[in-house]
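Heads up: the structure comes next, in structure tokens.
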Number of protein chains: 2
Amino acid sequence: MASKDRILRLKEETRINILDASLQIVKEEGWQALSMRKIADAIEYTAPIIYEYFSNKDAIRMELTRKGFLILARDMRQAKEKHRLPGKQLEAMWLAYWNFAFAERELYQVMFGVDVNCCELCEIMPEAEVPYTLVSEVIEEIMVDKKPSEDEVCVKYYTFWSVIHGLISINLVRRTTSDEITREVLKTAISGIITSLTA
Amino acid sequence: MASKDRILRLKEETRINILDASLQIVKEEGWQALSMRKIADAIEYTAPIIYEYFSNKDAIRMELTRKGFLILARDMRQAKEKHRLPGKQLEAMWLAYWNFAFAERELYQVMFGVDVNCCELCEIMPEAEVPYTLVSEVIEEIMVDKKPSEDEVCVKYYTFWSVIHGLISINLVRRTTSDEITREVLKTAISGIITSLTA
DNA sequence: TAAATAATTTAACACCGTTAAGCAAATGTA
DNA sequence: TACATTTGCTTAACGGTGTTAAATTATTTA
């Protein structure tokens, strides 16, 4: 009976519709606004229907996470294939990674746990600026012979902050990596950046 | 009337109790488990009372964020004061930052939006390993003369990932920094790590 | 002691994720 | 064709959430 096939195709279609609707809601209103009833509204069904396709809300989140990793893998692979020199390959792959993060920021968020709360944190909370002040003072002191501009100091600060915040994020989210390796990365990264300040 | 003072002191006390109870709940069950009724239970009141002290749940979250920044600023300042050489100061400050993140991980989470979801992501989702595979292949190729161990390759991978993930997180959470500066950090960081592979 | 004010709770609203029961249409069977 | 069964879908419900308004109790003031 070919009608079975048609029905299976329709089922697959609404499954995709659920995922598409979910991603659209997230893109428009953020992850915290994603609700089963809202998804149901978008696909013109009622909420319990969704449980015929996904065991729960988390399964939808997971499926979108998987989708993110598939896109990221494809982008990085394509970037790699465009070059032959390993150095160029690395550069291209990380640039692809970077571009993916901003082209699909909602997917990146759920893949790596970046929670976007308030953008103007520093404005409404002056305390948030103290670390920057403390560190950039010292950076300026080290670079005093170079007479760096404010932007240059800022670049150095963000280089520091990025590697440390990145390492921390990774270690907070997944506890697989050994502490030894992490400490090694932290130490070499910090001393590397410090020497680069005067170089 | 001194009784006014006493009442004011009591009010201040329950305000602190609310914050303490909130932080304790978050430490025990995570941010997603924090609810007004649970806080009320902990301080032995009913939920609406909390609105006499905080305008809503987000205000509590914000106050804990501020608390986090105050502790971080204190720790970094103390670390700085322990040294005179700027290089040592930087190292000590970033180490203090690092230690704070793990000593007060819940505060760090809410301060910088690190969402801890599932730790065993790679195990239940093989797709999540593709970026690592792609990149470490190339790293090994570049470092072929050094015959690096798996751990050494891993360190290099995490160095890359940390700085890029950190930069992305920062840019996703706060859009203040100029794109130019960010691109500069990204480019210098990547090329710096690449040259360090063969050095 | 009576009135006024403050402190606290109860009740309610609208939403959430999720499950169970019910209904109606399509299908299989005789 | 008539009946039984399965399927697709909805309604109703449970226990939870943040939040607000009304009711109640306790405290202070006159």
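Chain naming here is simple, since letters A, B, ... match the order of the sequence lines and numbering starts at 1 in each.
One interatomic measurement links the two molecules: CE of B/Met36 to P of D/dT19, which rounds to 5 Å at whole-angstrom precision. Rounded to an integer number of Å, the gap from CD1 of B/Ile25 to P of D/dG16 is 15 Å. In this structure, CG of B/Asp58 is placed 14 Å from C1' of D/dT19, rounded to the nearest angstrom. In this structure, CZ of A/Arg61 is placed 14 Å from C1' of C/dG17, rounded to the nearest angstrom. If you measure from atom CD1 of A/Ile39 to atom C1' of C/dC15, you get 15 Å, rounded to the nearest angstrom. When rounded to the nearest whole Å, the span between NZ of A/Lys57 and C1' of C/dC15 equals 12 Å. Note: CD1 (A/Ile50) to P (C/dT18) measures 10 Å, nearest angstrom. If you take CD of A/Gln32 and P of C/dC16, they are 11 Å apart, rounded to a whole angstrom.
Ion pair B/Glu152/B/Lys146 not flagged as a salt bridge, since none of the NZ, NE, NH1 or NH2 atoms sits closer than 4.0 Å to an Asp/Glu carboxylate oxygen. Ion pair A/Arg9/A/Glu12 not flagged as a salt bridge, since none of the NZ, NE, NH1 or NH2 atoms sits closer than 4.0 Å to an Asp/Glu carboxylate oxygen. At a threshold of 4.0 Å, the pair B/Asp58-B/Arg61 counts as salt-bridged, since one of the basic side-chain nitrogens sits closer than that to a carboxylate oxygen.
For A/Arg37 against C/dG17, a side-chain N or O and a base N or O form a donor-acceptor pair under 3.5 Å.
Ranking D/dG18, C/dC16, C/dT18 by closeness to the B/Ser35 side chain, first place goes to D/dG18.
Aromatic rings of A/Tyr97 and A/Tyr108 (six-membered ring for Trp) have centroids within the 6.0 Å cut-off, being under it.
Inter-residue side-chain proximity for A/Met76 and B/Val130 is flagged as unmet; no heavy-atom pair is nearer than 4.5 Å.
No more than 12 heavy atoms of other residues, nucleotides or ligands sit less than 6.0 Å from atom CD of B/Gln24.
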Let me have a per-nucleotide readout for nucleotides 22-27 of chain D, 5' to 3', with B, S or -, counting only protein heavy atoms under 4.0 Å.
-> ------
Between the protein and nucleotides 8-10 of chain C, list the N/O to N/O atom pairs that are separated by less than 3.5 angstrom.
residue, atom, partner, partner atom, Å
C/dT8, OP1, B/Tyr45, OH, 3.4
C/dT9, OP2, B/Thr46, N, 3.0
C/dT9, OP2, B/Thr46, OG1, 2.7

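Ring geometry for B/Trp94 versus A/Tyr157: interplanar angle of 30 to 60°, hence tilted.
Checked options B/Arg74, B/Lys27, B/Lys67; the residue passing with B/Glu104 is B/Lys27 (criterion: salt bridge (charged side-chain N to carboxylate O under 4.0 Å, His left out)). Among B/Ile142, B/Ile139, B/Val138, B/Val135, the one residue that satisfies the side chain to side chain contact (heavy atoms under 4.5 Å, CB included) test with A/Gln89 is B/Val138.
Residue A/Leu34 is in sugar-phosphate contact alone, with no base atom involved, counting any heavy-atom pair closer than 4.0 Å across all strands shown.
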